[in-house]
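Order of appearance sets the numbers: ligands from 1, and atoms from 1 within every ligand. We count residues from 1, following the sequence as given.
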Amino acid sequence: MNSARHRLIRGLNRLASTSATSAAPTAPSTAATSTSNPSNSTSNAVPRSSYATATCPHMVDMAAAEAATINTRLQSHQQAPPTIKLEQARPYSEVPGPKPLPILGNTWRVFPIIGQYKISDVAMISFLLHEHYGRIVRLGGLIGRPDLLFVYDADEIEKVYRHEGPTPFRPSMPSLVKYKSDLRKDFFGDLPGVVGVHGEQWREFRSRVQKPVLQLSTVRRYVTPLEQVTEEFIDRCNKLLDDKQELPADFDNEIHKWSLECIGLVALDARLGCLEPNLDPKSEPQQIINAAKYALRNVATLELKAPYWRYFPTPLWTKYVNNMDYFVNICMKYIKNATNRMKLSEGRALDGEPSLLERVMKSQNNEKLAVVMALDMILVGIDTISMAVCSILYQLATRPAEQQKVYEELRRIMPDPKTPLTIPLLDQAHYLKAFIKEVLRVYSTVIGNGRTLQEDTVICGYRIPKGVQCVFPNLVTGTMEEYVTDAKTFKPERWLKPSQGGTGDNLHPFASLPYGYGARMCLGRRFADLEMQILLAKLLRSYKLEFHHDPLKYVVTFMYAPEGALKFKMTPRE
Ligand code: HEM
């Protein structure tokens with residue numbers, strides 16, 4: 001155990017003596033008692049058609065996954081939690097958790113010097129809260145925000161997701177909410193997008209863009225353009241190698257540029273030029289790179305620490321607003337260019353199948369909507385994917401046996417490394433996809449998802465009031481033995497079918513949900529999968545990755561990823 005962990009444990013031990021309630025890992029027992037019918041776990045579920053207002057294509061996956069859970073429960077004789085009525089539930093005040101200090105609440109705990117926790121410790125806090133208090137933990141008394149309720153029970157998480165209603169509320173990014181709904185209300189108006197937007201406005205926007213974004217034919221259209229971007233990226237990597245064949249210490253910045261270039265293609269129908277060598281610091285691509293780097297990372301500081309910006313414009317808040325304004329202007333500029341091109345070509349597709357933007361413009365004929373969609377995709381689609389790629393490459397470089405399996409699979413499906421990629425070809429890369437899923441299970445880039453309860457709800461036997469923010473910590477639940485067989489072992493095979501060499505391990509489908517769930521599930525999931533698969537297929541078919549430095553520690557900046565120099569050694573394969 002390192003000293004940070006000791007420090008946190010000491011902190012939590014101190015908290016234990018002042019806790020509002022005692023640690024109660026198994027309390028209340030009602031939630032874990034048996035029912036005779038394992039399928040009862042879903043008996044309460046609202047029928048899918050009624051809660052997923054905008055149909056979610058991933059529901060198909062979920063149906064299979066659900067069948068798997070039921071199997072799991074049958075096999076392990078685990079029982080689904082019974083539903084207890086609100087009036088029978090234990091009061092919210094009894095939910096275990098660290099006691100807030102008078103006036104300071106619990107916010108002091110994330111103050112850099114006097115608090116025990118730093119933002120980078122968030123992942124560890126999440127583990128420790130579970131270790132110390134059990135499967136439901138209340139973190140109350142936070143200045144300027146509602147209580148956080150950590151739920152570590154996959155059955156209960158399933159229940160909350162399945163009852164989330166037609167307009168699920170994800171308690172994310174209050175700073176963006178303020179920017180969109182208050183500061184720049186005139187611009188965003190009635191169609192403010194999906195990120196940081198809730199209720200009917202969210203539903204209206206999502207239902208207008210969901211179909212074109214998630215349609216397989218849209219995604220398929222990007223295979224070749226994304227492959228080109230990726231080839232340029234790999235060329236650039238080659239040029240960056242030092243005399244030891246190692247990539248530079250700031251290689252994460254290069255991955256960032258690759259993901260920015262990919263998102264520019266998808267959301268703005270444009271090549272931004274971020275992969276150009278020797279960018280002038282004043283050039284537009286460099287400005288975009290700087291702004292993108294800043295956009296999400298500062299949100300963590302703004303939101304996880306005491307949010308004084310809510311009451312007066314702090315310097316960080318002013319910087320955030322300027323950065324957001326810059327992005328809005330960039331999106332407007334590129335969308336205008338794209339719509340002008342479309343007008344010139346009289347609505348005909350410019351390049352074979354219509355692009356995402358062409359589809360959205362054709363069905364909605366609303367330039368502002370396209371700008372806001374692009375802005376949302378850029379805001380959440382850069383850091384997520386680049387941090388996931390950093391993590392996946394690090395895992396591949398430090399797991400030579402698994403990397404070899406990925407390579408052999410790729411060599412089998414692409415005997416000639418120059419074979420152009422297609423969806424049917426990528427579909428055969430089962431082990432590669434399983435490897436990605438396993439990294440996202442064990443090192444979940446987005447450490448947790450969440451929902452604000454829209455009505456009083458019983459969770460783990462407690463009556464949780466409307467308005468409480470539930471946190472579902474993927475990173476913890478994805479590595480809990482009760483939900484995943486041999487959970488601490490990194491084993492991509494667990495995701496494969498038996499016919500593909502799968503281990504048949506149990507996997508609770510709500511334990512590891514890297515893209516969330518339901519009507520609000522990640523809108524860019526298909527693009528994210530495609531971009532990661534293309535990058536890994538191109539890179540690993542032709543190069544071997546190694547890492548010959550001290551192991552890196554995973555920390556949370558905003559995402560969960562290895563911190564430090566990703567100086568991979570990159571050697572060509574014959
Ligand atoms: C590995 C990469 C990614 C991960 C792990 C990830 C994860 C997530 C998660 C957990 C959510 C919340 C879902 C929920 O509330 O149930 C989300 C939402 C979202 N994601 Fe992603 N994401 C990734 C990449 C992307 C990309 C590349 C894009 C854009 C092209 C994108 C666009 C979005 C949008 C727009 C939302 C908001 C959806 C809504 O609230 O309706 N994501 N993502």
> Nearest heavy-atom pair of Pro192 and Asp376: which atoms, and what distance?
Replying inline: O-OD2, 4.4 Å
>> Looking at Cys470, is its backbone amide N or carbonyl O close enough to the side chain of Arg451 to form a donor-acceptor pair, meaning the two atoms are under 3.5 Å apart?
In response: no
> Considering only heavy atoms, which of Ile392, Thr445, Thr384 lies nearest to atom 2 (C) of ligand 1?
Replying inline: Thr384
>> Distance under 4.0 Å to a non-hydrogen atom of Leu523: what atoms of ligand 1 satisfy this?
In response: 19 (C), 20 (N), 33 (C), 34 (C), 35 (C), 36 (C)
>> For atom 39 (C) of ligand 1, tell me which residue out of Arg451, Arg206, His198 has the closest non-hydrogen atom.
In response: Arg206
>> Is it the case that ligand 1 has an N or O less than 3.5 angstrom from some N or O of Tyr515?
In response: no
>> To check your reading of the model: name the closest protein heavy atom to atom 13 (C) of ligand 1, its residue, and the distance in Å.
In response: Arg520 O, 3.4 Å
> Closer than 4.0 angstrom: is that true for some heavy atom of Trp202 and an atom of ligand 1?
Replying inline: yes
> Which heavy atom of the protein is the closest neighbour of atom 12 (C) of ligand 1, given with residue, atom name and distance?
Replying inline: Arg170 NH1, 3.4 Å
>> Closer than 4.0 Å to some heavy atom of Gly516 - which atoms of ligand 1 meet that?
In response: 10 (C), 13 (C), 14 (C), 16 (O)
> Considering only the protein, which heavy-atom contact is closest to atom 22 (N) of ligand 1, and what is its distance?
Replying inline: Cys522 SG, 3.1 Å
>> Counting non-hydrogen protein atoms only, what is the nearest one to atom 34 (C) of ligand 1? Give residue, atom name and distance.
In response: Val380 CG2, 3.5 Å
> Of all the atoms in ligand 1, which lie at a distance below 4.0 Å from a heavy atom belonging to Tyr517?
Replying inline: 16 (O)
> Which of the atoms in ligand 1, numbered in the order shown and given with their element, are less than 4.0 Å from a heavy-atom of Ala388?
Replying inline: 1 (C)
> What are the atoms of ligand 1, with element, lying closer than 4.0 Å to any heavy atom of Pro514?
Replying inline: 5 (C), 7 (C), 10 (C)
>> If the cut-off is 4.0 Å to any non-hydrogen atom of Gly381, which atoms of ligand 1 fall inside it?
In response: 26 (C), 27 (C), 28 (C), 29 (C)
> In the protein, what heavy atom is nearest to atom 14 (C) of ligand 1, and what distance, to one decimal place, separates them?
Replying inline: Asn449 ND2, 3.1 Å
> Quick check: does any side chain N or O of Arg441 sit under 3.5 Å from a backbone N or O of Ala487, one acting as donor and the other as acceptor?
Replying inline: yes
